[in-house]
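Note that these values count all heavy atoms, side chains included, but never hydrogens, waters or copies made by symmetry. Not measured: the values here are computed from a predicted model. Within every chain, numbering begins at 1; the chains are lettered A, B, ... in the order of the sequence lines, protein sequences first and strands thereafter.
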Amino acid sequence: MSKKELISKVGLRLDGRRADELRRIRCKLGVFSEPDGSAYIEQGLTKVLAAVYGPHQVRSNRLKAQADAVIINCQFSMAVFSTSERKKRPRGDRKSTELSLHLRQALIAAIEVEKYPWSQIDVYVEVLHADGGTINVIFFKFNRIIDLFRYFPACVNAATLALIDAGIPIKEYVCACTASIANDNQPMVDISHEEEILGGPTLTIVALPMCEKVVLMEMSQRFHLDHLKLVLEKALEGCKNTKNILDQAVQNHIIDVGASTGWAGTGEKVKR
Amino acid sequence: MPSNIQIRLATDRVNYTIALNQRVPKIYTPGEIITKQNEFMRGHGTYEENGDLKASVAGVKEEINKLISIRPLKCRYNGETGDVVIGRITEVQQKRWKVDTNSRLDSILLLSSVNLPGGELRRRSAEDEHMMRKYLQEGDLISAEVQNVFSDGSLSLHTRSLKYGKLSQGVLVKVSPTLIKRSKTRFHNLPVGASIVLGNNGYIWISPIMNVEESAVGGFVQNLDEVISKPERETISRLRNCIQALAQCKMMLYDTSVLYAYEESLKYDVKELLIPEAIVDLGILTQERISMLTNG
């Protein structure tokens, strides 16, 4: 496979982006009325819905309830119609379970778990549309982990937005981003499906962009040690840019909602 | 089969925001530094890191003297003593009921903090404990007042007043607790022929006009035999749709706003109030009337 030509001489990638440009991110908060918080995000062609319930009383498995921390329960699923081949099991298979655990790990880094004893937070994310359906399905039989892990960044970002919408205190945004290496030494950010197939190893990181902490890191293949630092920096930069976009969306949402209520109940106590 | 079914594409979605052009306060988002000075106390929605006070939720700043907190626009119900809440019984335990009140943990209603039939000074015997399910069972709706808040954040309720107790015939609407405007009275008998209870926890109970003498038995009697007439039921459903519409438009809920919405809704059929365009129209009309009231 041609790893070399992922960035053309003019500096453009296959889909016309530059090396440090993200795919288009569109997001919306508060898409459902029933859950406590919900969000929808589009990153390139990947579309993800997230819903957050809680914090609420532990109901199903009461023995699990802890006196010093909240239970965080994540579920990753893919809609059966999200890929070109209809999926047989939308959730519950080994890879989805693994991704659920990863998601939980990522969110725990930001949620102030000790604030909510005896309670539980449920986070559900569902991939509605998966980027890259048609190309070579057999290819994925060998490394299906990449297949699902590609949607992980969008899921993390959606879950963060949903948590914010639910009013659950988090330390800061949890953002995820991918990066890879092209033309032997040029790092590039936010890898699309096409580039992932043609290109080399992909690094996925989940980070807290403000304090620059990496929460979770996953590589699809081995990296050369010299490349790793470059790619990691690029991915972190991608996380920061993602954070700015999400932040803008949150601000807009709050302004919309707050202006309708006339900011009532918010300025009340100041006057007293 | 009903002949008019409304189906629309996602692209035809109606935008429910009816925001007025006002001065927008500063919005804080998680991780943002509120102040670098450390003379302030940290309240809800904030945390301290490296000497900086940072926000942990997205919302607006609230300052009371030295206490800074960030208030999110949507969250679970945080109870305060004296609040009136509507709740649903989830569990019957020994000497107490567990009640779902939309808060973080289930609230507790002790057997000793309810009015049992037979007078105020009645002793609670072991027999009463066995009879508990007869008074209130799982799934029953009650109105109650918050007696106190425990250290872990769960609430203790009481129904020691004739106003409170089991709810019988009516409609429950669930909205976000932040949309309920704080006021002294929570029980309203609307002149349109229905009464509403605006629970501080975001649960709203709409029922036919209640008179206090009727529930003087201690609040455990459900009168399910009484037939509510059709016009009365229509009024209740219209109120329900109006409240739902106001909540959809993120408008504050209190007796006046609900009443205005009801009056403005009269040009629509009850079922038409579920159509997005009607909801937005109702929201705008109600907001206009409210702003007229406040401005002049």
Counting heavy-atom pairs closer than 4.5 Å to chain A, which one of [options] comes out on top?
options: B:Gly31, B:Pro30, B:Cys249; value: B:Pro30
options: B:Arg76, B:Glu91, B:Lys250, B:Lys174; value: B:Arg76
options: B:Leu246, B:Val175, B:Leu179, B:Thr29; value: B:Thr29
options: B:Gly283, B:Ser56, B:Ser103; value: B:Ser56

Is chain A contacted by the side chain of B:Ala247, its backbone, both, or neither, given a heavy-atom distance below 4.5 Å?
neither
Taking side chain as everything from C-beta outward and backbone as N, CA, C, O, which of these in B:Ser176 sits under 4.5 Å from a heavy atom of chain A? Side chain, backbone, both or neither.
neither
Can you tell me which of [options] forms the most heavy-atom pairs within a distance under 4.5 Å of chain B?
options: A:Ala110, A:Gly30, A:Gly37, A:Ala166; answer: A:Ala166
options: A:Ser33, A:Gly54, A:Pro209; answer: A:Gly54
options: A:Glu112, A:Arg59, A:Lys115; answer: A:Arg59

Shortest non-hydrogen contact between A:Ala106 and A:Val215, atoms and distance:
CA-CG1, 3.8 Å
Closest non-hydrogen atom pair between A:Thr46 and A:Arg23, with its separation
OG1-NH1, 4.4 Å
State plainly whether the residues [X] and [Y] are in salt-bridge range, i.e. N to O under 4.0 Å.
X: A:Asp165; Y: B:Lys74; answer: yes
X: B:Lys26; Y: B:Glu32; answer: yes
X: B:Arg8; Y: B:Glu277; answer: yes

When you measure from the centre of the six-membered ring of B:Tyr254, is the NZ or CZ of B:Lys181 under 6.0 Å away and within 45° of the axis?
yes
Would you check, one step at a time, whether the test side-chain hydrogen bond (donor to acceptor under 3.5 Å, both in side chains) holds for B:Thr81 with B:Asn148?
CA-CA 5 Å; B:Thr81 308; B:Asn148 65 54; over 6 Å; no
Which bit of [X] is near chain B, if near means a heavy-atom gap under 4.5 Å: side chain, backbone, both or neither?
X: A:Glu34; value: neither
X: A:Ile164; value: side chain
X: A:Ile168; value: backbone

With side-chain hydrogen bond (donor to acceptor under 3.5 Å, both in side chains) as the criterion, how do B:His44 and B:Arg71 come out once you've worked through the C-alpha distance, each side chain's angles and the decisive distance to 0.1 Å?
CA-CA 7 Å; B:His44 291 295; B:Arg71 191 199 189 99; over 6 Å; no
